[in-house]
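Structure first, then comments.
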Amino acid sequence: MEQVFGLKMVKIINYVSYILVRGLYYINLYISKEFRELKIHLTENVSLHLNKVQLPEQLINATISIEDKRFYNHNGHDVISIFRAIINNFSNNRIQGASTIEQQLVRTILKNNEQTFKRKYFEILLSSLIFKQFTKTEIINLYLSCYKFHEKIKGVHVICEKENYKIDALTQKDIYEIAARFKYPMLTKGNYIKYLKRVRTIEKINNGT
């Protein structure tokens, strides 16, 4: 789709969508007590995870390349991915996500994975708040610092410590493996082959092969 519209048009579409979402954000602040409570909970907790230590740039780039490739070109939600997911969900009769890193950050902090329209709607509205309050660098560092891989493994620093990765001396292989864990946080016999395929996909994307 980007080849049709071009990067500039993609940015325009996402910006117009962002303006509409911000309008809905303020409307829901006014009419919905539940939404106001979620907003308060999000803003109170997100600052607790703000990691002022810069994570390895290659790890950041690898994560973005597989989790949200238009991360730097959208304003919290990616309307093109949303439309593509809707079309694919109907045509293929399967659920496909379209969450940006901002949306995943909101979901992680609010600890809500319900598969409901309301949850997704509020998530998109709150992702616009994340985009407005933080820089993209802060957002990706927040995401990497607070992502819950397991009940006792929260954030990239912890998973590196638990699984013997040296955060200050990550190899290319280490980086691709860690980036793949956002989709497969817990490795099992049932998902290990899929995990290895995702590692290879990330390697191909970042090496241009």
Keeping Ser32 on the side-chain end and Leu29 on the backbone end, is there a donor-acceptor pair under 3.5 Å? no

So the ring pair (Phe, Tyr, Trp, His ring centres under 6.0 Å) pairs with at least one residue in residues 58-79 (sequence neighbours excluded) are none

pair Asn206-Gln172: side-chain heavy atoms closer than 4.5 Å: no

Mark yes or no for whether Ser127, through its side chain, and Gln103, through its backbone, hold a donor-acceptor pair below 3.5 Å. no

To check you understand the geometry: which heavy-atom pair defines the closest contact between Ala179 and Leu59, and what is its length? N-CD1, 4.5 Å

Point-to-point distance, once rounded to the nearest 0.5 Å, from CG of Asn28 to CG of Leu126: 9.0 Å

Flag, side chain of Ser17 to backbone of Ile13, donor-acceptor distance under 3.5 Å: no

Provide the closest heavy-atom pair for Arg22 versus Ser128 in the form atom of the first, atom of the second, distance. NH1-OG, 3.1 Å

Apply the side-chain hydrogen bond (donor to acceptor under 3.5 Å, both in side chains) test between Ser99 and each candidate in Lys120, Gln104, Glu67; give the one that qualifies. Lys120

Sequence neighbours left out, what passes side-chain hydrogen bond (donor to acceptor under 3.5 Å, both in side chains) with Thr171? Give chain and number order. Asp174

side-chain contact (heavy atoms from CB on, under 4.5 Å) assessment of Tyr165 paired with Ile159: CA-CA 8 Å; Tyr165 292 110; Ile159 197 170; 5.6 Å; no

Tyr147: side-chain hydrogen bond (donor to acceptor under 3.5 Å, both in side chains) partners, not counting sequence neighbours: none

Please enumerate all residues that pass side-chain hydrogen bond (donor to acceptor under 3.5 Å, both in side chains) together with His41, with sequence neighbours excluded. Asn45

In Å and rounded to the nearest 0.5 Å, what is the OG to CD1 distance from Ser145 to Ile140? 9.5 Å

Using the rule that Ile, Leu, Val, Met, Phe, Trp and Tyr join whenever any side-chain heavy atoms are under 4.5 Å apart, tell me whether Leu187 and Ile193 fall into a single cluster. no

Given the rule that I, L, V, M, F, W and Y join up when any side-chain heavy atoms are under 4.5 Å apart, are Tyr15 and Val79 in one cluster? no

May I have the step-by-step check of side-chain contact (heavy atoms from CB on, under 4.5 Å) for Ser81 and Thr100, ending in yes or no? CA-CA 9 Å; Ser81 289; Thr100 61; over 6 Å; no

Which pair of non-hydrogen atoms, one from Ile139 and one from Phe131, has the smallest distance, and what is that distance? CD1-CA, 4.1 Å

Closest non-hydrogen atoms of Leu105 and Cys146, given as atom of the first, atom of the second and distance, are CD1-SG, 3.5 Å

Ala180: side-chain contact (heavy atoms from CB on, under 4.5 Å) partners, not counting sequence neighbours: Tyr195, Arg198, Val199, Ile202

Applying salt bridge (Lys or Arg N to Asp or Glu O under 4.0 Å) as the test, list every pair that has at least one member in residues 99-112; sequence neighbours left out. Glu102-Lys136, Arg107-Glu123

Please list, chain by chain and in numerical order, all residues satisfying side-chain hydrogen bond (donor to acceptor under 3.5 Å, both in side chains) with Thr108, sequence neighbours excluded. none

Just how far is it from atom CG of Leu38 to atom OG1 of Thr43, taken to the nearest 0.5 Å? 10.5 Å

Report the C-alpha distance between Ile66 and Tyr176 in whole Å, list the side-chain angles of each, state the deciding distance to 0.1 Å, and finish with yes or no for side-chain contact (heavy atoms from CB on, under 4.5 Å). CA-CA 10 Å; Ile66 194 67; Tyr176 302 146; over 6 Å; no

Quick check: is Tyr26 connected to Leu129 through a chain of hydrophobic side chains (ILVMFWY, heavy atoms under 4.5 Å apart)? yes

Rounded to the nearest 0.5 Å, the NE2 atom of His157 sits from the NZ atom of Lys162 at a distance of 15.0 Å

Shared hydrophobic cluster, Tyr192 / Ile178 (ILVMFWY, side-chain heavy atoms < 4.5 Å): yes

Please name the pair of heavy atoms, one in Val106 and one in Ile130, separated by the smallest distance, quoted to 0.1 Å. CG2-CG1, 3.8 Å

Among residues at least two apart in sequence or on other chains, which ones pass side-chain contact (heavy atoms from CB on, under 4.5 Å) with Glu161? none

ring-ring contact (aromatic ring centres under 6.0 Å, His included) with Phe35: which residues, sequence neighbours excluded? Tyr25, Phe122

Same cluster or not: Leu24 versus Ile124, using hydrophobic residues (I, L, V, M, F, W, Y) connected whenever any side-chain heavy atoms lie under 4.5 Å apart? yes

Would you say CD of Gln58 has more than 12 non-hydrogen atoms from neighbouring residues, nucleotides or ligands within 6.0 angstrom? no

With sequence neighbours excluded, residues passing side-chain contact (heavy atoms from CB on, under 4.5 Å) with Asn61: Glu57

If the condition is side-chain contact (heavy atoms from CB on, under 4.5 Å), which residues does Lys33 pass it with, not counting sequence neighbours? Arg36, Glu37

For Asn14 versus Ile80, what's the shortest heavy-atom pair and its separation? OD1-N, 4.4 Å

Heavy-atom distance under 4.5 Å between the side chains of Asp68 and Tyr143, does that happen here? no

Taking the side chain as every heavy atom from C-beta outward, state whether Pro56 and Val156 have any atom pair closer than 4.5 Å. no

Under the salt bridge (Lys or Arg N to Asp or Glu O under 4.0 Å) rule, what pairs show up with a residue in residues 175-190, not counting sequence neighbours? Glu163-Arg181, Lys173-Glu177

